[in-house]
Amino acid sequence: MAILLPGGAGYIGSHTAVELLNSGRDIVIIDNFANSKPEVLDKIRKITGKDFKFYEMDYANEKELEKVFSENKIEAVMNFAGYKAVGESVKEPIMYYQNNIGGCVAILKVMKKFGCKKFIFSSSATVYGDPKVIPITEECEIGGTTNPYGTTKLFIEQILKDVYASDNSMDICILRYFNPVGAHSSGLIGEEPQGIPNNLMPYIVRVAAGILPELSVFGNDYNTPDGTGVRDYIHVVDLAKGHVKALEKLDKENKGLYIYNLGTGTGYSVLDMVKAFESSTGKEVKYKIAPRRAGDIASCYADPKKAKEELGWVAEKNLEDMCKDSWNYIQNSQKM
Ligand code: UFG
């Protein structure tokens, strides 16, 4: 029995592949390398000393998905595939709805055909929109997403609720990620955004490495302790371990649809991140204060209590680990 990982060569998928293999699971990865590289597969093998099957394909291709399901005994699917650039989603909404929603629906359709019942979905804190209450619990209102990327996450959550309502023998877990950062401690796998990064940590490491001249801090007039945006940064390895715990939950519990926040519960500002990066790595991060970025909110951090109580999961890595591992990865990847 294997776990199918569409998008398993990507940033979060590859780290989860490592944790699944390390916990003794068999996996099958499918990826079309839209935002990842084939070398990642060998790096997963190198880190774990374990092998797995791989199919280069589009996860929305039902015919090919059927082939994967008929050639392997798939007991669960963790869906990491999908586009994730907020700005691009505003410019190309149709592409986002088609790929993210179409791909997920194709998987669910083929799972149904083959009687596969367990599904773990990569959702996002973005489904909470501009949260009214912080820290955010899973009971907080969802909606009010500010871009098509976020709306695809919101819509897929609704699709999963409808699928579960129609078939209570399904076992579904929605994981709402906060802000994933960091990289595997081996320095072999990490985040590799194409072009100029949109997210804070990849931008910081590129400024520190001299690849980009300076960081623009988007706004210092928010209602936060230092005026800059506050987020819940979580180490990608902790996030990956959350998926293993979620799978264990689906293995032992009664059928259900479960929703968990995966965050640390602590919010850090943009300037906190700059300072933490400088003190963890000894590298300077030049920055300037710039206007607010459209669609950004002031503060967003999780109440991670439910995941602790029900999954036995807590984030273990601290901000220093996140900064050091991000830095280690970019140094390594430049050598490669
Ligand atoms: N920021 C800067 N300068 C930059 C980049 C970011 O100041 O160059 C600031 C932002 O304004 C924000 C914080 O850093 O205050 C974090 O920004 P990110 O772009 O790293 O992350 P977001 O919180 O905007 O978005 C992330 C993911 C989304 C996801 C969302 C969930 O990128 O995919 O978290 O809350 F939907």
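Counting starts at 1 for both ligands and their atoms, following the listed order. Bear in mind that the values here come from a model prediction, so they are computed numbers and not experimental data.
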Salt-bridge present ([X], [Y]; N to O < 4.0 Å):
X	Y	value
Arg25	Asp251	yes
Asp42	Arg45	yes
Lys249	Glu310	yes

Among protein heavy atoms, which sits nearest to [atom], and what does the distance come to when rounded to 0.1 Å?
atom	result
atom 9 (C) of ligand 1	Val270 CG2, 3.6 Å
atom 20 (O) of ligand 1	Leu200 N, 2.8 Å
atom 30 (C) of ligand 1	Ser124 OG, 4.1 Å
atom 16 (C) of ligand 1	Tyr233 OH, 3.4 Å
atom 27 (C) of ligand 1	Asn199 ND2, 3.9 Å
atom 23 (O) of ligand 1	Arg231 NE, 2.7 Å
atom 11 (O) of ligand 1	Asp296 OD2, 2.6 Å

For [X] and ligand 1, does the shortest N/O to N/O distance drop below 3.5 Å?
X	answer
Tyr177	no
Phe218	yes
Lys84	no
Val217	no
Arg293	yes
Asn179	yes

* For Lys73, all residues meeting salt bridge (Lys or Arg N to Asp or Glu O under 4.0 Å), sequence neighbours excluded ->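 Residues passing salt bridge (Lys or Arg N to Asp or Glu O under 4.0 Å) with Lys73: none at all.
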
* Say whether Asn261 and Tyr128, considering side chains only, have a donor N or O and an acceptor N or O under 3.5 Å apart. =>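 The answer is yes; a qualifying pair exists.
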
* Asked: Are Asn220 and Thr228 linked by a side-chain donor-acceptor pair shorter than 3.5 Å?
  ->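 Looking only at side-chain atoms, Thr228 and Asn220 do not form any donor-acceptor pair under 3.5 Å.
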
* Pro197, portion touching ligand 1 at heavy-atom distance under 4.0 Å ->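 No part of Pro197 is near ligand 1 at this cut-off.
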
* **Which segment of Leu215 sits under 4.0 Å of ligand 1 when only heavy atoms are counted** =>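 Side chain only.
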
* To do: Could you walk me through whether Tyr149 and Glu88 pass side-chain hydrogen bond (donor to acceptor under 3.5 Å, both in side chains), step by step?
  => CA-CA 9 Å; Tyr149 157 76; Glu88 184 183 54; over 6 Å; no

* Residue from His243, His235, His15 passing ring pair (Phe, Tyr, Trp, His ring centres under 6.0 Å) with Tyr177 ->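 Answer after filtering His243, His235, His15: His243.
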
